[in-house]
Enquirer: 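First, the structure itself, so that you have it in front of you.
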Protein chains: 2
Amino acid sequence: MSLPHAILTALLEKPSSGLELTRRFDKSIGYFWSATHQQIYRELGKLEAEGQIRALTPEQPARGQKKSYEVLPAGRAELARWTASAQDPKPLRDTMLLRLRAAAVVGTDGIEADLRRHLDLHRRQLAEYEEIEEHDFPPDRDSPQDRLRHLVLRAGIDLETFWTQWLTHAIEEFAELP
Amino acid sequence: MSLPHAILTALLEKPSSGLELTRRFDKSIGYFWSATHQQIYRELGKLEAEGQIRALTPEQPARGQKKSYEVLPAGRAELARWTASAQDPKPLRDTMLLRLRAAAVVGTDGIEADLRRHLDLHRRQLAEYEEIEEHDFPPDRDSPQDRLRHLVLRAGIDLETFWTQWLTHAIEEFAELP
DNA sequence: AGCCTTTATGCAACTAGTTGCACAAACGCG
DNA sequence: CGCGTTTGTGCAACTAGTTGCATAAAGGCT
């Protein structure tokens with residue numbers, strides 16, 4: 001049940017319409033919680049029905065009209081409650097690791113190319129994060145907000161670094177294999 | 001669509017009943033692809049209907065009887081096909097990162113305790129993986145199978161190492177914050 | 001024998017996320 | 001002006017995963 005809270009966070013950072021939210025989920029928030037526009041519209045509907053958010057431009061004739069939302073006090077309270085509540089980390093789920101395990105029994109044919117492709121993808125993502133870090137977090141800015149956001153970005157950078165290193169190692173391992 | 005392939009892999013490593021699979025998913029395979037017993041039973045039924053696996057003990061009177069499955073040639077072929085096929089990495093989804101981002105707007109009250117709890121959990125997981133490494137992968141064993149499985153375990157170890165380091169850093173950050 | 005716990009299989013209902021498509025207004029352009 | 005593209009909202013159907021419960025045999029115990 002994290003999507004509504006992701007949306008509340010995004011709306012508190014800046015009131016937005018469904019499509020604007022969708023775009024922001026394609027960057028920023030989406031780096032650690034992705035969502036499609038359908039998920040977002042559905043959830044906006046629910047949140048509005050529950051009184052956690054409200055439309056800024058009321059009584060629009062439905063379709064094709066941009067509709068912005070802002071967070072109501074009830075929504076902010078719910079987000080604060082959720083943020084502070086204890087939650088267990090979700091166990092890892094990774095198909096590439098599963099495929100390597102499968103490769104150990106059915107053979108490694110074809111998988112090496114995809115390891116290389118993944119390495120490339122992770123390198124690009126890493127470069128993107130590092131660019132954001134350089135651009136948005138110069139050494140002088142360090143309000144509590146900045147520090148928290150930087151911390152989150154750091155996790156992204158370190159994770160991508162881990163994957164590039166591990167994939168590099170995996171490819172080397174394949175080179176000396178059969 | 002990875003669960004059927006996870007099951008095929010597990011069954012190729014060793015033919016098993018539903019409950020045995022469930023137990024093995026609680027360790028080993030489950031470290032990177034977890035599943036509940038209901039998911040597993042449902043999927044076993046499907047795989048049998050599709051002719052990818054078959055029950056070793058046929059015509060048992062249904063309930064309460066242990067039923068072991070083995071992989072048929074069609075299942076092995078499907079697993080090989082899937083393993084070699086290109087697949088995009090799934091974007092990250094992590095509630096703790098989302099909560100930190102939320103904390104930047106609604107306040108950090110209560111979240112620090114959960115950071116510490118997560119640190120503890122990840123340390124335990126790391127210790128468990130390291131024990132497995134020591135026990136199952138002594139330096140001399142290095143058949144291709146062993147190397148691939150070790151590679152997968154290494155990913156688990158390095159990931160947990162990353163999380164313990166990042167969480168430690170996050171907690172330090174909190175200490176100097178407000 | 002009777003009863004309790006463990007082992008084992010499974011159904012049904014629910015929640016979350018994905019995919020494919022529909023539809024309307026606004027915008028750009030010849 | 002009319003016509004195609006982009007922007008924006010949304011429904012419906014599907015797939016994947018979770019939760020709660022039912023049921024039945026086997027084994028241990030007195």
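Reminder, nothing fancy here: chain letters follow the sequence lines and each chain counts from 1. All values below come from the heavy atoms of this structure, side chains included, with hydrogens, waters and symmetry mates left out.
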Enquirer: I need the CG-P distance between B:Leu44 and C:dG10, as an integer number of Å.
Expert: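 For the pair B:Leu44 CG and C:dG10 P, the rounded distance is 8 Å.
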Enquirer: Between B:Asp94 and A:Lys90, is the closest basic N to carboxylate O distance under 4.0 Å?
Expert: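 No, this pair does not count.
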Enquirer: With sequence neighbours left out, write down each residue that passes side-chain hydrogen bond (donor to acceptor under 3.5 Å, both in side chains) with B:Glu112, or none if nothing qualifies.
Expert: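 B:Arg116.
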Enquirer: Identify all side-chain donor-acceptor contacts of residues 7-14 of chain A below 3.5 Å with residues at least two apart in sequence or on another chain.
Expert:
residue: A:Thr9; atom: OG1; partner: A:His5; partner atom: O; Å: 2.8
residue: A:Glu13; atom: OE1; partner: B:Arg101; partner atom: NH2; Å: 3.2
residue: A:Glu13; atom: OE2; partner: B:Arg101; partner atom: NE; Å: 2.8

Enquirer: Could you tell me which residues satisfy salt bridge (charged side-chain N to carboxylate O under 4.0 Å, His left out) with A:Glu48, sequence neighbours excluded, listed by chain and number?
Expert: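 Salt bridge (charged side-chain N to carboxylate O under 4.0 Å, His left out) list for A:Glu48, sorted by chain: empty.
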Enquirer: Produce the list of close N/O pairs, under 3.5 Å, pairing protein atoms with atoms of nucleotides 17-21 of chain D; give distances to one decimal.
Expert:
residue: D:dG17; atom: OP1; partner: A:Arg93; partner atom: NH1; Å: 2.8
residue: D:dT18; atom: OP2; partner: B:Gln39; partner atom: OE1; Å: 2.9
residue: D:dT18; atom: O4; partner: B:Arg42; partner atom: NH2; Å: 2.6
residue: D:dG20; atom: O6; partner: B:Gln38; partner atom: NE2; Å: 2.9

Enquirer: Respond yes when some side-chain nitrogen or oxygen of B:Ser17 is under 4.0 Å from OP1 or OP2 of C:dA8, and no when none is.
Expert: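 No, no such contact exists.
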Enquirer: What pairs with B:Arg76 under salt bridge (charged side-chain N to carboxylate O under 4.0 Å, His left out), at least two apart in sequence or on another chain?
Expert: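 In terms of salt bridge (charged side-chain N to carboxylate O under 4.0 Å, His left out), with neighbours along the sequence ignored, B:Arg76 is linked to no residue.
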Enquirer: Quick check on contacts: within residues 19-26 of chain A, what sits under 4.0 Å from DNA chain C by heavy-atom distance?
Expert: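 Per residue number, the list is empty: none.
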Enquirer: Whether A:Tyr41 contacts D:dT9 is assessed here as follows: a side-chain N or O lying under 4.0 Å from the phosphate OP1 or OP2. Is that the case?
Expert: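 Yes, such a contact exists.
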Enquirer: Can you tell me which residue pairs pass the ring-ring contact (aromatic ring centres under 6.0 Å, His included) test with a partner in residues 106-140 of chain B, sequence neighbours excluded?
Expert: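 As it turns out, the ring-ring contact (aromatic ring centres under 6.0 Å, His included) pairs with a partner in residues 106-140 of chain B, which skip direct neighbours, are B:Tyr31-B:Tyr129, B:His122-B:Trp163, B:Phe137-B:His150.
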Enquirer: Is there a residue in residues 5-15 of chain B whose heavy atoms reach under 4.0 Å of DNA chain C, and which residues are they?
Expert: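 Heavy-atom contacts with DNA chain C come from no residue of residues 5-15 of chain B; none.
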Enquirer: With A:Arg123, which residues qualify under salt bridge (charged side-chain N to carboxylate O under 4.0 Å, His left out), at least two apart?
Expert: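 If we apply the salt bridge (charged side-chain N to carboxylate O under 4.0 Å, His left out) test to A:Arg123, skipping adjacent residues, there are no hits.
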Enquirer: My understanding is that only residues two or more places apart in sequence, or in another chain, count here; which of them pass salt bridge (charged side-chain N to carboxylate O under 4.0 Å, His left out) with B:Arg54?
Expert: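 Listed in chain order: B:Glu70.
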Enquirer: Roughly how many Å is it from NZ in B:Lys46 to C1' in C:dG10, rounded to a whole number?
Expert: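 About 15 Å, once rounded to whole Å.
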Enquirer: Kindly list each side-chain donor-acceptor pair under 3.5 angstrom involving residues 33-47 of chain B, sequence neighbours excluded, with atom names and distances?
Expert:
residue: B:Ser34; atom: OG; partner: A:Arg93; partner atom: NH2; Å: 3.4
residue: B:Thr36; atom: OG1; partner: B:Gln39; partner atom: N; Å: 3.4
residue: B:Gln39; atom: OE1; partner: B:Thr36; partner atom: N; Å: 3.1

Enquirer: Which residue pairs pass the salt bridge (Lys or Arg N to Asp or Glu O under 4.0 Å) test with at least one member in residues 124-137 of chain B, sequence neighbours excluded?
Expert: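 Those involving residues 124-137 of chain B are B:Asp120-B:Arg124, B:Glu133-B:Arg154.
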